[in-house]
> 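Attaching a single structure in structure tokens format; questions to follow.
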Amino acid sequence: MSEGGHWLTLFGRLNLRAFPFVRAWEDPTVSELIGAFAGALVVVGAFALVALLTWQRWWGRLFRDWLTSLDHKKIGIMYVVLAGVMLSRALVEAVLMRAQQSLAVDAPGIVAPEHFAQLFSTHGTIMIFFMAMPFLTGLINYVVPLQIGARDVAFPLLNSISLMLTAGGAGLVMISLAVGEFSTGGWSGYPPYTGKAFQPGVGPDYWIWAITLASLGTTMSGINIAATVYKKRCPGLHLTRMPLFCWTALCTAILMIFATPPLTLATALLALDRYLDFHVFTNDLGGNMMNYVNLFWLFGHPEVYILILPAFGVFSEVISAFSSKELYGYKSLAVATMAIGVLSFTVWLHHFFTMGQSADVNAVFGIATMTISIPTGVKIYNWIWTMFRGEVRFTAPMLFALAFIVTFVLGGLTGIMLAIPPIDYVVHNTVFLVAHFHNMLIPGLLYGMIAGYLYWFPKAFGFRLSEVWGKIAFGCWVSGFYLAFMPLYVLGLGGMARRSQALFEPDYRPWLLVAVCGAFLLLAGLVSLFVQLWVSVRDRDVNRVPVGDPWDARSLEWSVSAPPPEYNFATIPQVDRLDPFYWRKERGEAYRRPERYDDIVMPRNSWVGPLVGLTATVCAFGLVWHIGWLSILGFLGIWIPVVARSFVRDIHRTIPASEVEATDRRWLDRAHTVQPVPRERETEPANLGLARPFPPQVPV
Amino acid sequence: MPETALPYTLSVGRGSWDRSVARLASSSAVFALLPLGGCSVLDHGMLGAAGPIADQTRSLFLLVCAILVFVAAPVLLLTPIFAWHYRLSNTKSAYRPQWGFNWPLEGLIWIPPTIIVVVLAVFLWRDTHALDPYKPLASRHSPIEVQAVALDWKWLFIYPEEGVASVDELAFPAGRPVCLTLTSGTVMQSFFVPRLAGQIYAMAGMTTQLNLAADAPGRFRGENTQFNGTGFQNQKFAVLAQSDDDYASWIARARAGGRTLDPAAYAVLATRSIQAEPILFGSVAPGLFRSILGQNDPGLHAAHGHHAP
Amino acid sequence: MSARAGEPQLRHVGLNLLDTDALEPGEAATGLYGFWLFLMSDAILFALLFAIYGTQLTATAGAPGPQDAFKIGPTFVETLILLTSSLTFGLASIALKYDRGRTGLVLWLSVTLTLGIAFLGFEIGDFRTMFADGATPDRSGFLSAFFALVPTHGLHVAAGCLWIVVMLAQIAVFGTDARFKLNLLKLGLFWHLLDIVWIAIFSVVYLQGTLA
């Protein structure tokens, strides 16, 4: 075999020019230097992390306490951490794109077209698949079992595998910064542009395999969450007594199960086109890219509701808790949620009204799309009427919820405009569309996730987050959103195409300048959240809420200590109505000592999840670079732990009743001795997680 | 645009009530947008309509905006009012922590949005059909037929009746309907002249159609809005709505140039490149459009009836 | 095997899961429920592959079309083999439920495995014939859609065969404990679903293609 042949066998398509550092050395333009800097950040970040773990001797703890853990709470936290890391990268990319556009009116700007295209592709891909999805899956993972009175999810090991596959996909996107390049085909990756004929490089392959891993993880998460909600509810917790967050989690899970297969299939078929010369979506020999467009949006539209519904759930919890009041129209909200779930499958065609269907088809899908606004509007009014005759407290999560209602309605209005085909014809593919979906997803997803993070953080870690920094973050996220995206509506109406690296219309410039200011404010919002975390960890000892109910809230997760024990509930609760914890407090039955304690069986840690995630990523990396042996090794590596695991019978461990009792007694004693806090002082150190009954009872 | 100036009207007319609502909405919306300042940017899009399709779309848009005020207003008002009035520190407000349902209120929540959607659906159905890009514009003039081919990163326009062609310059007489038949010689693209009409995709091996017209002579910006690679941002073209005389001389200029668009010339055009200047071709190889179509369509897409040429 | 006398019996689709202790009935129900969810998701995958196949029927681009590419004879044999394997899997399930020993179970699982492998052998033979006739996926949209749909089913069968091998090994190691029973139940659902999908493939792809 020749030298080149050996190289091909060993390293496939990988060569020195795959590294952005080499490219920047050869061609030191600003654009290449930015790329090399980003690649260097990944490499340096990885080395720094390894060094830190080694120096602090944290490797053991990392694997023992976290990566191999099957505890739904830890898996949930890991999902949110993943989301936070990816959010940071994708938000910086957004700022870079906004900066480029504001500089590139009749000028080259700082980022070359190829680089710009990678930026919008990674930004979209990350924000949807590696920020939004992990964030909401993480919150659902953490909260749902606690809310339904369960000790864990239905399939703890599957949960770990889902997480690790998602993390593997995210890892691939990160690796693409330092090795090779990412796709330039946008987050939707339409062929034939992403086909081999037009994009022979590794970019689309990175995209395909990152998405494939994430979509497999998502399908499994969906199965897991649905089975958990259907099968693991505690006695008496009928479906109609579940907190609304569980309803939205259930609906999201159902959508994940049914809507993710089209995505998996779309990326798999695109891979067949690229790797095995298939002609499923190619231009020539009878391929049909319209099939891809349909498959992608058959996934893509339900995906929008996968993203938004959990946030709706969070807002339902937050608004009810901080209005000190029962949720208005609980049943109508549940019905609306499920209606949205069903309708979400009937509207995918509105993503391509301009593909040339007949007016009848477009009109039917347009009307179906507008129909979704009815249950959505109902939800909005339910939240508003929840505040009616309540006692509203303007904490940071509640502020996010209020900003969400107002902002989301504006996004809904432009959504209705886009649902009308003739209007869509003139704003489709312009930044009007970009403004619209950011107007839905920033309030309808990100605000919800941040609100959920702020709301449940004290439950997860046992101390409250800084309220001041929470409000600063709120100010930045809200003002930043309006400044960044309202100009895009105007520009879109002015005909500005999305994904433009340069612009040739001077009238666009002032609006683009406003937008870039907004982008920087959004970045400031993210930084404030990190500062908040840092400040709060520093001051954790004065902000502890060990009793576990800092917000005088209503559902079961607040009825246990903060942080909750590994097994969540010392004894499985019995539920007889909606808002069980509220009624327990109302009847004076909260914090009662159970009559007896039993041994609790919990799953042991498992290496299967991390191993599957790692081998799947290795396989994908091999496929991206056409390194045959590595992909085969990786593929086989996926199955070995899975098969081996089926031969392990000792998968549970038992926590003795005595230990459970001791832990529970300690917590209950504390609950009986600490001073309850009135709602007016819930953001002060006096809040130890025990709420004083409200309204203050008049002494008789 | 004064209606009498139009040499033709679209076949779906509007009732006078309808039109006055649109006018009212239009003036109020413009008023609302004024404080934003520097609204010249809006003139580059559909709000600066220069043709009947864009004009009707604008009316529809403003009408929808007016209706949507009724959707947004209650939420935008109630949210801050309730939140502030029922704040914890206001000891005078009522507190009913266990109140969570009311049938009349439920009706108020479900029924008005449904009515609004029904109303919008009526307009949607009507205008989706009226503004169907495939629908020929009613006019006493016959339409100008143009075959458009999307290339990387330029547009080729073939005038089969005149036997001429142009790259990145779409010329036609103002006041006459133009019927575009589009395909792509490369990846999918989207043809868009914001001030004249909506957009439509151009896909290889298939054709789509778009009908548009300009009210008066003018120069408009056309663009591809579907990302297609590193030259995407440069893929703009000039749309020249001309007087009949100017159009005739444009055709004559194309012919005088003497360039022939044959398969060889097309192959050069089809390579990926940014076109700096428009090109005019005086003659076109017969059947070129069909052969471009045929390169990627060996009679394969029969299943998609609406896309049949 | 028999249920312990005096205890309430929980019967799941013909399999008694309560006579071994390690698994709670709730856990078994949850496991099965989750597996049904997975099957629904998998069924969607196949449904979409069928839809794509349908849209690409005429996209033959001069390459062999359905009439030229398909041979009804071998696929009919494949159909018989796979249907029989479903029967033998059913017999394995019955053996697990009623037989005291493991002989019947092992025997019927082995027969099912053999039939599965035979099916795959025939199918690979089919593909080889098609390749020899010039019907390769790189020649047309139609053949691409075919080679996306049918081998996906084949891969599922291969996964099912691997799973049977693992189950046979588990009988050797653990006998028929509760986890084994639950897994066999899931494998059964999987195997029967593949049968149903194959019936659709045989009707929609092969029968329609050769008879039309």
Side-chain angles (χ1 to χ4, degrees), chain A residues 113-114 186 192-193 198 283-284 286 324-330 332 354-359 362-363 366-367 370-371 374 377-378 380-381 384 387-393 402 405-406 409 413 417 420-423 425-426 428-429 490 493-495 497 499-502 507-508 510-511 679, chain B residues 38 40-42 44-47 57 60-61 64 68 71-72 75-76 78-79 82-83 86-88 94-101 105-106 109-110 113-114 117 120-121 124-125 127-129 131-132 187-188 190 194 198-201 204-205 208 223 225-228 230 233 296 300 306-307:
Chain A
E114 166 76 21
Y193 179 73
F198 297 96
N283 267 349
D284 56 337
S324 331
K325 205 173 145 287
E326 187 171 310
L327 194 60
Y328 173 81
Y330 168 83
S332 137
T354 52
M355 208 159 75
Q357 307 77 275
S358 73
N362 276 352
I367 291 171
M370 290 201 307
T371 312
I374 300 173
V378 165
I380 297 276
Y381 279 107
I384 291 178
M387 294 188 291
F388 181 66
R389 293 181 173 172
E391 294 287 1
V392 179
R393 292 115 71 195
L402 290 171
I405 294 180
V406 170
V409 164
L413 298 190
M417 293 175 191
I420 299 172
I423 298 179
Y425 298 154
V426 293
H428 179 67
N429 267 347
V490 177
L493 283 173
R499 297 174 174 172
S500 298
Q501 177 264 351
D507 285 347
Y508 291 164
W511 301 91
R679 279 173 187 160
Chain B
S40 56
V41 63
L42 291 174
H44 299 294
M46 161 267 286
L47 291 172
T57 310
L60 174 66
F61 175 76
V64 170
L68 291 181
V71 178
V75 175
L76 300 185
L78 286 180
T79 308
F82 279 13
Y86 294 106
R87 68 191 184 278
L88 182 62
Y95 181 47
R96 303 278 179 279
Q98 287 154 26
W99 176 82
F101 192 77
L105 191 55
E106 202 67 3
I109 286 174
W110 282 91
T114 311
V117 166
L120 282 170
L124 184 151
W125 186 269
D127 282 359
T128 302
H129 286 82
L131 295 169
D132 182 2
V187 301
M188 183 173 94
S190 188
Q199 60 198 293
I200 194 105
Y201 289 161
T208 46
E223 59 189 341
T225 60
Q226 179 73 34
F227 183 80
N228 62 338
T230 49
Q233 63 283 343
N296 291 316
L300 299 177
H306 208 63
H307 291 94

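None of these values were measured; they are calculated from a predicted model. Within every chain, numbering begins at 1; the chains are lettered A, B, ... in the order of the sequence lines, protein sequences first and strands thereafter.
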> Let me know if A:Pro510 has heavy atoms under 4.5 Å from chain B in its side chain, its backbone, both or neither.
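No part of A:Pro510 comes within 4.5 Å of chain B.
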> Which pair of heavy atoms, one from A:Asn283 and one from B:Val187, lies closest together, and at what distance?
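Heavy atoms of A:Asn283 and B:Val187 come nearest at ND2-N, 4.3 Å.
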> Examine whether an atom of A:Val409 lies under 4.5 Å from a heavy atom of chain B, and if so say whether it belongs to the side chain, the backbone or both; otherwise answer neither.
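It is the side chain, since no backbone atom gets that close.
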> Evaluate the side-chain proximity of A:Arg389 to B:Tyr86: yes if any heavy-atom separation is below 4.5 Å, no if none is.
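A side-chain contact exists here, since the closest heavy-atom pair is under 4.5 Å.
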> Holding to side chain to side chain contact (heavy atoms under 4.5 Å, CB included), I want the full list of residues that pass it with B:Thr79, two or more places apart in sequence or in another chain.
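Listed in chain order: A:Ile384, A:Met387, A:Leu402, A:Ile405, A:Val406, B:Val75.
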> How close do B:His129 and A:Ala363 get, counting heavy atoms only, and between which atoms?
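So the minimum-distance heavy-atom pair works out to CE1-CB, 4.2 Å.
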> For the candidates B:Leu124, B:Ile200, B:Asn228, B:Leu120, which exhibits the highest count of non-hydrogen atom pairs separated by less than 4.5 Å from chain A?
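That would be B:Leu124.
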> Nearest 0.5 Å please: distance from the OG atom of A:Ser324 over to the OH atom of B:Tyr95.
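If we round to the nearest 0.5 Å, A:Ser324:OG and B:Tyr95:OH are 4.5 Å apart.
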> For residues A:Tyr425 and B:Thr57, determine if any side-chain heavy atom of one lies less than 4.5 Å from a side-chain heavy atom of the other.
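They are not in side-chain contact.
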> Among A:Pro113, A:Gly494, A:Ala497, which residue has the highest count of heavy-atom pairs closer than 4.5 Å to chain B?
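Going by pairs under 4.5 Å, I would pick A:Gly494.
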> Heavy atoms only: give me the nearest B:Leu68-A:Leu413 pair and the separation to one decimal.
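Looking at all heavy atoms of both residues, the closest pair is CD1-O, 3.5 Å.
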> Report the distance from atom CG of A:Asp507 to atom NE2 of B:His44, rounding to the nearest 0.5 Å.
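Output value for this atom pair is 3.5 Å.
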> What I'd like to find out is whether the side chain of A:Gln501 reaches to under 4.5 Å of the side chain of B:Phe227, using heavy atoms alone.
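Heavy-atom side-chain distance check fails, nothing below 4.5 Å.
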> Below 4.5 Å from any heavy atom of chain A, which atoms of B:Ser190 appear? Answer side chain, backbone, both or neither.
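Contact with chain A: side chain only.
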> For the residue pair B:Phe101 and A:Tyr328, does the interplanar ring angle fall in the parallel (under 30°), tilted (30 to 60°) or perpendicular (over 60°) class?
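Ring orientation, 0 to 90° scale: parallel.
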> Measure A:Ile367 against the heavy atoms of chain B and call it side chain, backbone, both or neither at under 4.5 Å.
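The answer is both parts of A:Ile367.
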> Is the closest side-chain heavy-atom distance between B:Val64 and A:Ile420 below 4.5 Å?
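In short, these two side chains touch, coming nearer than 4.5 Å.
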> Once you round to the nearest 0.5 Å, how far does CZ of A:Arg499 lie from CD of B:Gln226?
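Result: 7.0 Å between the selected atoms.
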> Taking side chain as C-beta onward, heavy atoms only, is B:Phe61 less than 4.5 Å from A:Val426?
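Not touching, per the 4.5 Å side-chain cut-off.
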> Let me confirm one number: the CG-OH distance from B:Leu78 to A:Tyr381, rounded to the nearest 0.5 Å.
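B:Leu78 CG to A:Tyr381 OH: 6.5 Å, rounded to 0.5 Å.
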> To check you understand the geometry: which heavy-atom pair defines the closest contact between A:Gly495 and B:Pro194, and what is its length?
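Taking every non-hydrogen atom into account, CA-CG, 4.1 Å.
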> Closest heavy-atom contact between B:Leu88 and A:Arg393?
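That closest heavy-atom pairing would be CD2-CG, 3.5 Å.
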> Counting heavy-atom pairs closer than 4.5 Å to chain A, which one of B:Val71, B:Ile109, B:Thr114, B:Thr230 comes out on top?
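When all of B:Val71, B:Ile109, B:Thr114, B:Thr230 are compared, B:Ile109 has the most.
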> Of all of A:Ser332, A:Gly377, A:Gly366, A:Gly329, which one pairs up most often with chain B through heavy atoms under 4.5 Å apart?
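That would be A:Ser332.
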> Identify which part of B:Leu76 has an atom lying under 4.5 Å from any heavy atom of chain A, answering side chain, backbone, both or neither.
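Interface part for B:Leu76: side chain.
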> Side chain, backbone, both or neither: which part of B:Glu223 has an atom under 4.5 Å from a heavy atom of chain A?
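The answer is the side chain of B:Glu223.
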> Identify the two heavy atoms, one from B:Thr208 and one from A:Gly356, that lie closest to each other, and give their separation to 0.1 Å.
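Where B:Thr208 meets A:Gly356 most closely, the heavy atoms are CG2-CA, 4.4 Å.
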